[in-house]
Trainee: 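Mind having a look at this structure? Questions to follow.
Remember, it's 1-based here, ligands and their atoms both numbered in the order they're listed. For clarity, every value in this text was computed on a predicted model and none was experimentally measured.
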Amino acid sequence: MDKKVFSGIQPTGRLHIGNLVGALDNWVKMQDEYQTIYNVVDLHAMTVPYDPAELQRTRLETARLLLAVGVDPSRSLLYFQSQVPQHAELTWILSTITGIGQMERMTQFKEKGEKSGQNIGLFSYPILMAADILVHRVHAVPVGDDQTQHLELTRDLAERFNSRFGETFPIPERITPEIGARVMSLQDPTAKMSKSDPSQASRIDLLDEPDTIRKKIRSSVTDSGREVSYDWENKAGISNLLELFSFFSGAGIDELEAEYSESGYGPFKEAVAEAIVDGLTPIRTRYKDLDEGEVGRIMEQNALQARTQAEASMQGVRAAVGLSPR
Ligand code: ATP
Ligand code: LTN
């Protein structure tokens, strides 16, 4: 277990099944094979308009949900990004080797920037993400498909740093699931399911009650045909549901297609909803059983340990760039 993994999630709202299928499921699985480090990235959450009291609440809720999903504090280092200041320090150092042109090409900035009023924090968001990953010198990063460009930047910065200042960082690999790396909105199968979509019906939150889940799947947007087939070009809504069905039931897409090809959309959607309800019930139960005070204590203790690890790594970085004797 000498290989390390890092990933983060923003406390910008309730976690949804896109987060689970695209990333969190791998977070949990990778605990068996890697030294795993996970963050609630509260500094990232400040790059869009937010309310301080709300952030305080959501970061704790996010931590509690991660524990409920299966992040195990006896095996993983789980902490709030802001509690380990070495992330911010490395962000500064990396920003001095990042080109402005490269940053201007980041599509997430272009998309979110338009909506939220642009600020420098949002612009340099990907450098903070690179620092999160590199400060721990990890080898792999489990994320959904939408983080591909950010991971490329991270790899690029690691290579640039190594060639300029000497071998320091491993080049981290992106880990995405084969199926479900990009779960689509239930209301618009051409858009990614997202926490910040104003439509509640567009996503299923991990804490949604069974009846809410059934209703959202029933009213999800599909085409006007009736054949259940896996065909992203012509049947994006159905293909999205098939991927979710496969994830939550453990059955292959082919099997499900064969079983439901003639059933019509109604019964198919009902079965999809039941699989999701079954998959989320244990998470909801564990969430309710977790005590907030206990969650807070876990986060504090882990941050302490993470600070020690990050500091050891930063001493090497400072020496490499000329900020302390070698
Ligand atoms: P926001 O809407 O605020 O940008 P988000 O829903 O995209 O939030 P993040 O916190 O940005 O969620 O993402 C956490 C993890 O979940 C990342 O690894 C991301 O790639 C993954 N993820 C987010 N949305 C999806 C999705 N629709 N399908 C698959 N993976 C996803
Ligand atoms: N940008 C990521 C969240 C994130 C992250 C990270 C993911 C911040 N730092 C480090 C992996 C590794 C997102 O999902 N929006």
Trainee: Do S76 and Q31 have side-chain atoms, one donor and one acceptor, less than 3.5 Å apart?
Mentor: yes
Trainee: Write out each pair where an N or O from ligand 2 and one from the protein are under 3.5 Å apart, with the distance.
Mentor:
| from | atom 1 | to | atom 2 | distance (Å) |
| --- | --- | --- | --- | --- |
| ligand 2 | 1 (N) | Y125 | OH | 2.6 |
| ligand 2 | 1 (N) | Q147 | OE1 | 3.1 |
| ligand 2 | 9 (N) | D132 | OD2 | 2.7 |
| ligand 2 | 14 (O) | Q147 | NE2 | 3.4 |
| ligand 2 | 15 (N) | Q10 | NE2 | 3.3 |
| ligand 2 | 15 (N) | Y125 | OH | 2.9 |
| ligand 2 | 15 (N) | Q147 | NE2 | 3.2 |

Trainee: Taking NZ, NE, NH1 and NH2 as the nitrogens, is one of them in R318 or E311 under 4.0 Å from a carboxylate oxygen of the other?
Mentor: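 Answer for the salt bridge query: yes.
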Trainee: So, are D156 and R160 salt-bridged, with charged N and O less than 4.0 Å apart?
Mentor: yes
Trainee: Check whether the side chains of T176 and D145 place a donor and an acceptor atom closer than 3.5 Å, and report yes or no.
Mentor: no
Trainee: For D146 and Q108, which I'm curious about, is there any donor-acceptor pair between the side chains at under 3.5 Å?
Mentor: no
Trainee: Taking a 3.5 Å cut-off between nitrogen or oxygen atoms, can you list every pair linking ligand 1 to the protein, with distances?
Mentor:
| from | atom 1 | to | atom 2 | distance (Å) |
| --- | --- | --- | --- | --- |
| ligand 1 | 2 (O) | S194 | OG | 2.5 |
| ligand 1 | 2 (O) | K195 | N | 3.3 |
| ligand 1 | 2 (O) | S196 | N | 3.2 |
| ligand 1 | 2 (O) | S196 | OG | 2.7 |
| ligand 1 | 3 (O) | T12 | OG1 | 3.1 |
| ligand 1 | 4 (O) | K112 | NZ | 3.0 |
| ligand 1 | 6 (O) | H16 | NE2 | 2.8 |
| ligand 1 | 6 (O) | K195 | N | 3.0 |
| ligand 1 | 7 (O) | K192 | NZ | 2.4 |
| ligand 1 | 8 (O) | K195 | NZ | 3.3 |
| ligand 1 | 10 (O) | Q10 | N | 3.1 |
| ligand 1 | 10 (O) | K195 | NZ | 2.8 |
| ligand 1 | 11 (O) | Q10 | NE2 | 3.3 |
| ligand 1 | 12 (O) | N19 | ND2 | 3.2 |
| ligand 1 | 12 (O) | K195 | NZ | 3.2 |
| ligand 1 | 16 (O) | N19 | ND2 | 3.1 |
| ligand 1 | 18 (O) | G144 | N | 3.2 |
| ligand 1 | 20 (O) | G144 | N | 2.8 |
| ligand 1 | 20 (O) | D146 | OD1 | 2.5 |
| ligand 1 | 24 (N) | K192 | NZ | 3.2 |
| ligand 1 | 27 (N) | V183 | O | 2.8 |
| ligand 1 | 27 (N) | M193 | O | 2.9 |
| ligand 1 | 28 (N) | V183 | N | 2.8 |
| ligand 1 | 30 (N) | G18 | O | 3.2 |

Trainee: With a 4.0 Å cut-off on N to O distance, would you call D289 and R286 a salt bridge?
Mentor: no
Trainee: Does this structure show an ion pair linking R218 with E270, if we count only N-O contacts that are shorter than 4.0 Å?
Mentor: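 Salt bridge flag = no for E270 with R218.
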Trainee: Any heavy-atom pair between the side chains of E243 and I253 that's under 4.5 Å?
Mentor: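 Yes, close enough: below the 4.5 Å cut-off.
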Trainee: Over all heavy atoms of both residues, which pair between A68 and L290 is shortest? Give the atoms and the distance, please.
Mentor: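 Closest approach of A68 to L290, heavy atoms only: N-CD1, 3.8 Å.
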